[in-house]
Amino acid sequence: MPDYDSSRLHVVDHPLVQHKLSLLREKNTSTKDFRNLVTELAIFEGYEALRDLPLEDVEVQTPLEVTTCKRISGKKLAIVPVLRAGLGMVDGLLTLVPNARVGHLGMYRDEVTHDPVSYYCKLPENINQRTCLILDPMLATGGSLTAAIQFLRGAGARDIRCLTLVSCPEGIKRVLDFSEYVHLYTCAVDRELNQSAYILPGLGDAGDRIFGTK
Ligand code: PRP
Ligand code: URA
C-alpha cells in the first residue's frame, strides 16, 4: 500500500498512451519524433486532467430543430510549464484549451545536490481564480515540482494539477505530501531513482531529448 494519498494520483494508462510512451523511452527515437510524442501524450493527459471542467446549457439550432447542448462555461485556466522540458507539453495543452493563459517557471537541478535552482517566474494575473496545470515531463526527486507548487501557492493558487509523463515513487510521495491542494497526473510510475537521481527505467534527460541538446 502506498504511504501517500493515492486518491490524488491519477495514472493515465490508456493503451494509446502506453504505446506512445514506449516509443518515447526508446533510446533511438529522434528529437523530432520525441517532441511530437511529448505533445501527443500531453493531449491525452490534459484530456483526463480537465475531465471535471464545468459545463453550461446552450440552445443550438441543428439543421432539424432547436436542442439544448452543453458547452464549457468559461473556466479560467493557467498552463504553467517548468522550463525547459515542460515547454514540450505546452502545445498539447493549448490544442485542448487555446484560450488558456501561460505562465513560466524557470528551474534546473543542481548536478551535485539535485536541488532545484530557480531562475525565472512569470505567472498570469488572478492565479488564485484559475485552475493551474503545472507541466513537467519528469518527476524524479520531486524537488522541482514542489518548488513549482510553492510558487503557485505563494501566488494564491488553490486548484493545482501537476501533469508529468514519467514519475517515480519518491517524487510522487514528496509532491502529494507537500500540499493537499495538488492532484498529480502521470502516464507511468517507474521503479526508482539511480545515484544521479535519474528515473529508472525512465527515458533519460527529457529537456535534452526535446531540444536536441546534450
Ligand atoms: C528535469 C525535469 C524536471 C526535473 C525533475 O529538469 O524536467 O524539471 O529535472 O527532477 P526532480 O524531480 O529531481 O526535481 P532539469 O533540471 O534537467 O532542467 P531542464 O528541463 O532545463 O533540462
Ligand atoms: N530529469 C530528467 O529529465 N530525467 C530524469 O530521469 C530525472 C530528471
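As the structure lists them, so they are numbered: ligands from 1, and atoms in each ligand from 1.
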> So, is Val82 polar-close to ligand 1, with some N/O to N/O distance under 3.5 Å?
Replying inline: no

>> Is there a polar contact, in the sense of an N or O pair closer than 3.5 Å, between Ser144 and ligand 1?
In response: yes

> Within a reach of under 6.0 Å around CZ of Phe178, are more than 12 heavy atoms found that belong to other residues, nucleotides or ligands?
Replying inline: yes

>> Can you confirm whether some protein heavy atom lies under 4.0 Å from atom 8 (O) of ligand 1, or whether none does?
In response: yes

> Would one find an N or O of Leu145, backbone or side chain, under 3.5 Å from an N or O of ligand 1?
Replying inline: no

>> Counting only nitrogen or oxygen atoms and a 3.5 angstrom limit, does Ala85 reach ligand 1?
In response: yes

>> Looking at Arg109 and Ala197, would you say the former's side chain and the latter's main chain have a donor-acceptor pair under 3.5 Å?
In response: yes

> Under a 4.0 Å heavy-atom limit, does Thr141 contact ligand 1 with its side chain, its backbone, both, or neither?
Replying inline: both

> What does the list of residues with a heavy atom under 4.0 Å from ligand 2 look like, ordered by chain and number?
Replying inline: Arg109, Met138, Ala140, Ala197, Tyr198, Ile199, Gly204, Asp205, Ala206

> Would atom 1 (C) of ligand 1 count as contacted, meaning some protein heavy atom under 4.0 Å?
Replying inline: no

> Is it true that Asp159 and Lys76 have a side-chain N and a carboxylate O under 4.0 angstrom from each other?
Replying inline: no

> So, does Ala197 sit close enough to ligand 1 that a heavy atom of it is under 4.0 Å from the ligand?
Replying inline: no

> Got a second to check how far Tyr120's OH is from Leu105's CG, nearest 0.5 Å?
Replying inline: 10.0 Å

> Should one rank Arg84, Glu111, His114 by closest heavy-atom distance to atom 19 (P) of ligand 1, which comes out on top?
Replying inline: Arg84

> Just by modelled atom types, is the Ile210 backbone N or O under 3.5 Å from a matching donor or acceptor in the Arg35 side chain?
Replying inline: yes

